[in-house]
**Q** 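Below is the structure I would like to discuss, written out as C-alpha cells.
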Amino acid sequence: MQFLQKPVYILQQRNTYFFFSALVVLVSLLLWAMNRNVESGDHYTYLFYLKGFEAGRYSYWYFLEDYIPDTFRNPGYPLFLYLLSFISPSVHFIQFVQWVLLMGAVIIMLKIIELYQQGYLIKNLFLIFVLLNFVTLSYSAYVFPENLVLFVITLIVFVEIKWESGWKKTILLAFLYGFCFQVRPVILFIPFIRFAYYLYFRSKEKPLFNIAFIVLFAATLLPYAFWNKKHHDQFKITPLEGGGGVMYLGYWSPKMLNVVEDRYWRNVMYEDALFNFVDMKDVPHHVKLFNNEWDSIERICSKYMTAKDTAILLEMKKHPHLFVTYNTTYTLEREKLLKELAVRHYLSDLKYTVSLKTYTFFRLWYTGLTAKQFMSERMSVFIPQLLAFLTTFTTLLLFIGYFLYALFRRRDLLLNMMIPLFWCAYFAAIHVPFAIQSRYTIPVRFLYLFVLAYLMYHVHSKKEQQPTAIQH
C-alpha cells in the first residue's frame, strides 16, 4: 500500500484542510449563485405562508375573504421565513441566511469530527465527500426547509456528544428537538427513543434531566395542537393532512412514470435511466386506475363540501401554484381514505411493495438520473445530472461496502458511530413509506458522509490507531 502513503500524507496536512475548506465555501457560493433564481416546488406556498403571517393568518390562502386555515404543514419553516422578513423581505436574503446556516453546519460538523478523531485526515476526507456530493450544498438557494433542518440536526448531535448532562443541555436540546419537529415532523419519535434509551441504559444519571427533557419537548408540541383545536376542532400536533397523501402517492407514482397527477399535489415520478418498477406500456392503464379511484374518493367526500367550499374553490383554481385546501371534515375524511387505500394497495401487491420499498431505502441517498436526462442532447442538462448521479451513487456504494466490512470485522467502529448512524437509519426508514425524494435525507447527509470518512480512515489505519471512544 506504499502508493497510498503520499496521498495520506497530503490529507494529514493543515494546508490541505484549509484548501478543501475554502473549496467548499467557493463551490457552495457558486451553486448558490447558479440556483438563486430557481423556484422549488414549494416556493410559492412557503412565501404565501409568510404573507399570511403578515396578515395575521396561518394559511397560504390568506388573501381569500373566506379563507380556510392551513391543513398542510407545521409552522416551523414558515415562522422562520416570517422572522427573517422583519430584516428583509427579499427572497435572496432568505437564501443568503440559508447559505450562512449551511456554512454553520459544516463548521459544527468539523467540530464533531474533532471529538472523534484529532488531526486533519478525517476532516479532509469528509470535505472531499461534501464536494463530491455537491447536491447537498445546492439546497441553500431553494425555499425548502432541508437546509435549516440540516443545521439544527447537526447542532443537536454536537450538543448530544460534546456537552455533559445538566440543565443547560437538557433545556437546549428539548427546544432544539421541539423546533426541529415544527419544521420536519418526521423526527417526532426521536426524542421519545432518546428518553427510553436514557431510561434503560443510563438510569444511574440524574433521571430528573431525562424527565424534564421529555416534558419540555412535549410542551413545545402544544401551541400548534391548540391552534388546530381552535381552527379545526382537532387537537393534533401534526397537520390534518399529508401522511396519507404521501403514502398513497408513494404507491401510485412509480406506476405512472412521466405523468403529472393533477388530482392532489401535482406529483410526478420520471422514468429512471436504471431502475423502474413498471413497464412503460402499462402506464396509461395505471393512470386510468388512479383517476378512477380518485373519482371515487371525491364522490365519497363530496357530501362534506359546503357552499363556502364551492365558492372559494373557483378562486383557488385561479392560483395553480398553490395547493387546493378543503374544509376540516372533508380533509380528515380524505386523509383517512388515502391511508386506508395506501395500506390496502401495499398489502395486496407485496412483490411490488417489497422491491419498491427496498429500493426506496437506498434511493433516498443518491440523486437519480432520469431516462430523459440521460438521452438529452443538451450538455448543460446532461453533464450536471450525470455528475450528481455518479458521485452520490458511488458514495452510497462506498458507504455500503465499508459499513458491511465494519459490521463483520470492526463492530467497535459502528458502536462508536452510534449517534450519527442512528440519525441516518431513522431518516431512511421513516421516509420509506413515502414517495421517493432524495432531498428527504439532506438534513442528515453530513452525518452520513462523516460516518463514511470515519470508517474509511479506521478500516485502513494501523490496528494500534484505536478510535477515540465516545460515550453515548
Side-chain angles (χ1 to χ4, degrees), residues 39-82 85 143-145 181-185 221-249 260-267 294-342 435:
E39 296 174 353
S40 72
D42 296 327
H43 182 93
Y44 288 103
T45 55
Y46 280 123
L47 293 183
F48 274 58
Y49 278 131
L50 188 160
K51 295 177 181 178
F53 277 130
E54 292 174 347
R57 297 174 168 183
Y58 180 44
S59 172
Y60 47 72
W61 296 112
Y62 70 95
F63 52 87
L64 299 178
E65 185 177 351
D66 290 323
Y67 83 105
I68 297 174
D70 189 68
T71 62
F72 190 34
R73 290 194 177 101
N74 279 63
Y77 189 59
L79 279 171
F80 167 76
L81 299 179
Y82 179 54
S85 72
V143 182
F144 269 144
F181 169 80
Q182 294 301 338
V183 182
R184 269 286 176 258
L221 311 180
L222 297 179
Y224 182 60
F226 281 117
W227 183 89
N228 270 330
K229 178 65 176 175
K230 177 182 177 181
H231 292 91
H232 299 294
D233 197 29
Q234 298 289 317
F235 190 78
K236 282 175 63 68
I237 62 173
T238 55
L240 269 60
E241 63 177 319
V246 290
M247 284 179 64
Y248 183 78
L249 293 175
V260 180
E261 61 83 12
D262 58 358
R263 310 300 292 270
Y264 199 17
W265 294 329
R266 296 184 293 279
N267 193 70
W294 200 267
D295 288 340
S296 299
I297 293 170
E298 290 187 337
R299 277 196 299 271
I300 293 170
C301 294
S302 62
K303 59 186 175 184
Y304 305 113
M305 287 280 287
T306 64
K308 173 184 172 182
D309 289 321
T310 304
I312 64 174
L313 192 59
L314 296 173
E315 289 297 314
M316 288 181 177
K317 288 184 176 180
K318 296 177 182 178
H319 303 273
H321 51 286
L322 303 175
F323 304 124
V324 171
T325 304
Y326 293 90
N327 68 63
T328 300
T329 306
Y330 185 106
T331 301
L332 289 172
E333 289 301 316
R334 184 178 63 180
E335 180 74 359
K336 180 182 175 183
L337 282 171
L338 291 174
K339 285 180 181 178
E340 290 174 354
L341 287 168

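Computed from a predicted structure; not experimentally measured.
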**Q** Of all heavy-atom pairs between Tyr326 and Leu313, which one has the smallest distance, and what is that distance?
**A** OH-CD1, 3.9 Å

**Q** Evaluate the criterion side-chain contact (heavy atoms from CB on, under 4.5 Å) for residue pair Asn327 and Thr306; output intermediate values, then yes/no.
**A** CA-CA 8 Å; Asn327 68 63; Thr306 64; 4.2 Å; yes

**Q** With rounding to the nearest 0.5 angstrom, report the CG to NE2 distance, Leu240 to His231.
**A** 12.0 Å

**Q** Which heavy atom of Tyr67 sits nearest a heavy atom of Lys308, and at what distance?
**A** O-NZ, 3.8 Å

**Q** At their closest point, which heavy atom of Gly41 faces which heavy atom of Phe144, and how far apart are they?
**A** N-CZ, 4.0 Å

**Q** If you measure only the distance, is there a donor-acceptor pair under 3.5 Å linking the side chains of Ser302 and Arg299?
**A** no

**Q** Give, for atom CZ of Arg334 and atom OH of Tyr264, the distance between the pair rounded to the nearest 0.5 Å.
**A** 4.5 Å

**Q** Keeping the roles fixed (side chain from Arg263, backbone from Glu298), state whether a donor-acceptor pair exists under 3.5 Å.
**A** no

**Q** Taking all non-hydrogen atoms of both residues into account, name the closest pair between Glu335 and Gly243 and its distance.
**A** OE2-N, 3.2 Å

**Q** Quick check on side-chain contact (heavy atoms from CB on, under 4.5 Å): which of Ile297, Val246, Leu249 does Leu338 satisfy it with?
**A** Ile297

**Q** Start with the C-alpha gap between Ile68 and Asp309, add the side-chain angles, then the distance that decides, and say whether side-chain contact (heavy atoms from CB on, under 4.5 Å) holds.
**A** CA-CA 9 Å; Ile68 297 174; Asp309 289 321; 3.8 Å; yes

**Q** Can you tell me how far CG of Leu50 sits from CZ of Phe80, rounded to the nearest 0.5 angstrom?
**A** 11.0 Å

**Q** Near Lys336 NZ, under 6.0 Å, is it more than 12 heavy atoms from other residues, nucleotides or ligands?
**A** no

**Q** Filter on salt bridge (charged side-chain N to carboxylate O under 4.0 Å, His left out), then keep only pairs touching residues 58-77, sequence neighbours left out; what's left?
**A** Asp42-Arg73

**Q** How long is the straight-line distance from CG of Leu341 back to CH2 of Trp294, given to the nearest 0.5 Å?
**A** 9.5 Å

**Q** With a 4.5 Å limit on heavy-atom distance, are the side chains of Trp61 and His319 in contact?
**A** yes

**Q** With heavy-atom distances below 4.5 Å as the criterion, would you say the side chains of Ile237 and Phe181 are in contact?
**A** yes

**Q** Say whether Gln182 and Asn74, considering side chains only, have a donor N or O and an acceptor N or O under 3.5 Å apart.
**A** yes

**Q** Between Tyr224 and Tyr58, how do the two ring planes meet: parallel, tilted or perpendicular, split at 30° and 60°?
**A** perpendicular

**Q** State plainly whether the residues Glu54 and Lys51 are in salt-bridge range, i.e. N to O under 4.0 Å.
**A** no

**Q** Identify which one of Leu337, Thr329, Leu332 satisfies the side-chain contact (heavy atoms from CB on, under 4.5 Å) criterion when paired with Cys301.
**A** Leu337

**Q** Judged by atom type as modelled, is there a donor-acceptor pair below 3.5 Å linking the side chain of His232 to the main-chain atoms of Asn228?
**A** no

**Q** For Thr71 and Pro239, which heavy atoms make the closest approach, and how far apart are they?
**A** O-CB, 3.4 Å

**Q** Search all heavy atoms of Ser59 against all heavy atoms of Tyr49 and return the closest pair with its distance.
**A** C-CD2, 4.1 Å

**Q** Hey, could you give me the CZ/NE2 distance between Phe48 and His43, rounded to the nearest 0.5 Å?
**A** 9.0 Å

**Q** Could you pull out all residues at least two apart from Glu333 that satisfy side chain to side chain donor-acceptor pair (under 3.5 Å)?
**A** none

**Q** With a 3.5 Å distance limit and no angle check, can you tell me whether Gln234 reaches the backbone of Lys229 through a side-chain donor-acceptor pair?
**A** no

**Q** Can you sort out the partners of Phe72 under ring pair (Phe, Tyr, Trp, His ring centres under 6.0 Å), two or more places apart, ordered by chain and number?
**A** Trp265, Phe323

**Q** Enter the distance from Thr310:OG1 to Met305:CE here, rounded to the nearest 0.5 Å.
**A** 4.0 Å

**Q** Would you indicate whether the side-chain heavy atoms of Leu81 and Phe53 approach each other to under 4.5 Å?
**A** no

**Q** Check whether more than 12 heavy atoms from other residues, nucleotides or ligands sit under 6.0 Å from atom OH of Tyr44, and answer yes or no.
**A** no

